[in-house]
Colleague: 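I am attaching a structure below and will ask some questions about it afterwards.
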Amino acid sequence: MLKGKKFILGIAGGIAAYKCAQLTRLLVKEGAEVQVIMTKLAKEFITPLTMATLSKRPILVEFFNPENGDWNSHVDSGLWADAMIVAPATANTMGKMANGVADNLLITTYLSARCPVFVAPTMDLDMYQHPSTQRNMQTLLSYGNHLIEPNAGELASGLVGKGRMAEPEEIVGELKNFFQNQDKQELLGKKVLVSAGPTHEKIDPVRFIGNYSSGKMGYAIAEELAERGAEVSLVSGPSQLSVIHKNIKRIDVQSSAEMHDACVKEYEGADAAIMSAAVADYTPEIVEGQKVKRKAPKVSIELKATVDIAATLGATKTKNQLLVGFALETQNAEENARKKLEKKNLDFIVLNSLEDAGAGFNSDTNKITIIDKDNKTQNFPLKSKVEVAKDIVNELLTRINGVAP
Ligand code: CTP
């Protein structure tokens, strides 16, 4: 998978730099080429001789060779590579990457690189959790960089928490996954709408009716679609999550009415829609203009039904469009899911039952059953939402290509 691929490995000054020896060895063993760029401080943690020997190339540190003025072109390196890996990515280096502080060769190369960039952070747990580090990481994600999350465990400081750089094997695994998906690109040229997250139905200026949906499932689906080449419109209710892939256009909405309008607009000209949002079924009849005061011992709020977005799209769906819905059930799961499939004119429905441990809202895992309009039922085991997203996109793919499942 990585044979012949060219990597720039940007090593910053952190204790986890020692892991770069093994990382380089693994990449070279896979048949990849590795050009190492080190910051000055990184040389204190692992020697240039070690890295040059393992990568079979002279390492780069300075903008030019002070002996003969030979220029180390960051532009050439940036264009040469199929991917850049910044590992360990220290708080300092991530801050510079996020803000364009181009004071060393690693950063100038990063700023010139047109290839995908993978960032493997490492630092002490408090530094990692600091709002500035978190903000910088969000910024890097918003640039389309890929984050290889650190692991939790004992840190060099002796403290225990999140901040250990991912192991070399894990980094190589992420790279393989990326190139495997990139090489696939089966959804190139396809446009897909994804709805995700909860909706907030306003009661007054400071209160709303919401639900526990985190958006994790919908965001994972959007990422998977984008990784496979689709152009994705992600209509998202309020969510803490961020979008990573550059192929995803995120449209933020609050209420079910806003989500309805955005979805109707984005479904026009789309090849498919996957409706994973947990949309409120009812919304306050009257939104109070002022904060409701505490007075009476009991109050009631009159609610009116919202428009069913999936059913609206189902009613206007053309023969070239696909529509996928979700069903979250607490009882008679399959029977209720089948009814929804029919009522909303879906091509297939993804059922997650709250009766299953580890499935549903806010969890990182999900256990699904896919039921299609011909009543074919497939049960999947408990998996991470990222893996579940792959199963759902695979199912969509068999139909998008007109292949009977
Ligand atoms: N859905 C939608 N618009 C709504 C309600 C639901 O688009 N106003 C979509 C969801 O995104 C999901 C599917 O319809 O894909 C089923 O949602 P769910 O809440 O399980 O079903 P409801 O139709 O709301 O039925 P009920 O709440 O009675 O189970």
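Order of appearance sets the numbers: ligands from 1, and atoms from 1 within every ligand. Computed over heavy atoms, backbone and side chain alike; hydrogens, waters and symmetry mates excluded.
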Colleague: Need the ligand 1 atom indices (1-based, order shown) with element for anything under 4.0 Å from a heavy-atom of Ala327.
Modeller: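 Numbered from 1, ligand 1 contributes 20 (O).
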Colleague: Before signing off on this row, confirm whether Val279 and ligand 1 have an N or O atom pair separated by under 3.5 Å.
Modeller: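 No, since none of the N or O atoms of Val279 sits under 3.5 Å from an N or O of ligand 1.
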Colleague: So Phe179 and Phe7, would you call those rings parallel, tilted or perpendicular, with 30° and 60° as cut-offs?
Modeller: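 Because their plane-to-plane angle is over 60°, the rings of Phe179 and Phe7 count as perpendicular.
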Colleague: Under the 4.0 Å line, does any protein heavy atom show up next to atom 17 (O) of ligand 1?
Modeller: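 Given the 4.0 Å cut-off, atom 17 (O) of ligand 1 counts as touching protein heavy atoms.
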Colleague: What protein heavy atom sits nearest atom 13 (C) of ligand 1, and how far off is it?
Modeller: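 The answer is Phe326 O, 3.0 Å.
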Colleague: Could Lys340 and Glu329 be called an ion pair, given the rule that one side-chain N must be under 4.0 Å from one carboxylate O?
Modeller: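 Yes.
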Colleague: Relative to the ring of Phe64, is the ring of Trp71 parallel (under 30°), tilted (30 to 60°) or perpendicular (over 60°)?
Modeller: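 Trp71 vs Phe64 ring planes: parallel.
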Colleague: When you look for heavy atoms under 4.0 Å from ligand 1, do you find them on the side chain of Thr306, its backbone, both, or neither?
Modeller: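 It is the side chain that gets close, since no backbone atom is under 4.0 Å.
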Colleague: Between ligand 1 and Lys344, is the shortest N or O to N or O distance under 3.5 Å?
Modeller: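 Yes - when backbone and side-chain N and O of Lys344 are compared with those of ligand 1, one distance drops under 3.5 Å.
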Colleague: How far is atom 3 (N) of ligand 1 from its nearest protein heavy atom, and which residue and atom is that?
Modeller: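 Atom 3 (N) of ligand 1 sits closest to the protein heavy atom Ile309 N, 2.9 Å.
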Colleague: Quick test: of every protein heavy atom, which one is nearest to atom 29 (O) of ligand 1, and how far off is it to 0.1 Å?
Modeller: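 For atom 29 (O) of ligand 1, the nearest protein heavy atom comes out as Lys340 NZ, 2.8 Å.
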Colleague: Students should be able to answer this: which protein heavy-atom is nearest to atom 15 (O) of ligand 1, and at what distance?
Modeller: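 The answer is Met275 O, 2.6 Å.
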Colleague: Using salt bridge (charged side-chain N to carboxylate O under 4.0 Å, His left out), reason through Glu387 and Lys390 one step at a time and then give a plain yes or no.
Modeller: CA-CA 5 Å; Glu387 292 303 313; Lys390 288 192 172 78; 3.7 Å; yes
Colleague: Which ligand 1 atoms are under 4.0 Å away from a heavy-atom of Leu328?
Modeller: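 Matching atoms, with element in brackets: 20 (O).
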Colleague: Going by distance alone, is a donor N or O of one side chain under 3.5 Å from an acceptor N or O of the other, for Asp391 and Gln378?
Modeller: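 Side chains of Asp391 and Gln378: no pair found under 3.5 Å.
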Colleague: Please, which pairs that meet salt bridge (Lys or Arg N to Asp or Glu O under 4.0 Å) have at least one residue in residues 139-160, sequence neighbours excluded?
Modeller: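 Of all non-adjacent pairs touching residues 139-160, those that pass salt bridge (Lys or Arg N to Asp or Glu O under 4.0 Å) are Glu149-Lys162.
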Colleague: Compute whether any side-chain donor of one residue and acceptor of the other, for Arg228 and Asn394, lie under 3.5 angstrom apart.
Modeller: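 There is such a pair (donor and acceptor under 3.5 Å, judged by atom type) between the side chains of Arg228 and Asn394.
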Colleague: If we ignore angles and hydrogens, is there a donor and acceptor under 3.5 Å between the side chains of Glu201 and Ser256?
Modeller: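 The answer is yes; a qualifying pair exists.
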Colleague: Closest non-hydrogen protein atom to atom 7 (O) of ligand 1, residue and atom name please, with distance?
Modeller: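 It is Ala310 N, 2.8 Å.
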Colleague: Report the nearest protein non-hydrogen atom to atom 8 (N) of ligand 1: residue, atom name, distance rounded to 0.1 Å.
Modeller: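 Result for atom 8 (N) of ligand 1: Val307 O, 3.0 Å.
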Colleague: At what distance is the nearest protein heavy atom to atom 24 (O) of ligand 1, and which residue and atom is it?
Modeller: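 Heavy-atom neighbour on the protein nearest atom 24 (O) of ligand 1: Asp281 OD1, 2.8 Å.
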Colleague: Among all protein heavy atoms, pick the one closest to atom 11 (O) of ligand 1 and tell me residue, atom and distance.
Modeller: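 The closest heavy atom on the protein side is Ala277 O, 2.7 Å.
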Colleague: Can you give me the closest heavy-atom contact between Val194 and Leu225, atom names plus distance?
Modeller: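 Heavy atoms only, the tightest pair is CG2-CD1, 3.5 Å.
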Colleague: Please name the residue in the list Thr199, Thr306, Ile209 that meets the side-chain contact (heavy atoms from CB on, under 4.5 Å) test with Thr283.
Modeller: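 Single pass found, and it is Thr306.
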Colleague: If the cut-off is 4.0 Å to any non-hydrogen atom of Gly325, which atoms of ligand 1 fall inside it?
Modeller: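 By the 4.0 Å cutoff, the relevant atoms are 15 (O).
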